[in-house]
Amino acid sequence: MRNYPRNSPLAAGRALALMLIADGNVCASEIRVLKQLDAEGRLGLPPGGLDVVLRDLCEDLMMGGQCTGSLLASLDAQALRSLMDEVSNERLRDEVMSLAQAAASADQHFADAEAFVLGAACRYWSIAPSRQQPTAGVI
């Protein structure tokens, strides 16, 4: 797995990308919402940067022999913590969580895998659990 500088746009982008691929399906509505919210700009990524980070994450998971069907089965707790630890800045964590929640709500379905990854982020980042769920009524 690649290492990114702590609190870099790449590290924040990868945390968001991890949440996007958690359920195994990055749908057009999720991408559309992230573009509308200027996710790349908010994280400090250049235009097209989120696509690159998303591709790189998928490559890393496949190259590391960690892709065994589902993301939850392929990424152990230590690797997940390591990825989350790369984002320690509170403002950046809030941006990632806000964008992840918007993306998770975009397709009108909050998958168990999305809940798992958002919950892990809440635990690792000491964010109140009530913030891990997308806006009520959107699911």
Inset, instruction - Let me see the working for V96 and M19 under side chain to side chain contact (heavy atoms under 4.5 Å, CB included), right down to the final yes or no. - result: CA-CA 9 Å; V96 170; M19 294 178 202; 4.0 Å; yes
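- Taking CG from L34 and CG from L43, the interatomic distance works out to 9.0 Å, rounded to the nearest 0.5 Å.
- Taking the side chain as every heavy atom from C-beta outward, E90 and I127 never approach each other to under 4.5 Å.
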Inset, instruction - Please lay out, stage by stage, how L10 and L45 fare under the test side chain to side chain contact (heavy atoms under 4.5 Å, CB included). - result: CA-CA 7 Å; L10 292 170; L45 291 166; 4.1 Å; yes
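- For the pair N89 (side chain) and N7 (backbone), a donor-acceptor distance under 3.5 Å is absent.
- Taking CG of D60 as the start and CZ of R55 as the end, the distance is 10.5 Å to the nearest 0.5 Å.
- Residue A22 comes nearest to A113 through the heavy atom pair O-CB, 3.1 Å, listed as atom of the first residue, atom of the second, then distance.
- Within the 4.5 Å cutoff, the side chain of L61 has heavy atoms near those of the I21 side chain.
- The only option from L50, L37, D38 that meets the side-chain contact (heavy atoms from CB on, under 4.5 Å) definition with L99 turns out to be L37.
- For the pair E114 and A104, the tightest heavy-atom approach, listed with the atom from each and the gap, is OE2-CA, 4.0 Å.
- In this structure, V53 and L16 have side chains that are not in contact, with every pair of non-hydrogen atoms separated by 4.5 Å or more.
- Looking at M1 and S82, their side chains never come closer than 4.5 Å, going by heavy atoms from C-beta outward.
- Remark: side-chain polar atoms of R93 are paired, donor with acceptor, to backbone N or O of V87 under 3.5 angstrom.
- Annotation: the span from L118 atom CG to R123 atom CZ amounts to 10.5 Å, rounded to 0.5 Å.
- Ion pairing between a basic and an acidic side chain is recognised when a charged N comes within 4.0 Å of a carboxylate O; R2 and E86 show no such pairing.
- Residue M62 holds its CE atom at 11.0 Å from CG of L57, rounded to the nearest 0.5 Å.
- Side-chain N or O atoms of E40 include one that pairs as donor or acceptor with a backbone N or O of G49 at under 3.5 Å.
- Atom CD of residue Q78 and atom CG of residue L83 lie 11.0 Å apart, to the nearest 0.5 angstrom.
- Closest approach of A17 and L54 over heavy atoms only: CB-CD1, 3.7 Å.
- Under the 4.5 Å side-chain criterion, counting only non-hydrogen atoms from C-beta, D85 is in contact with R6.
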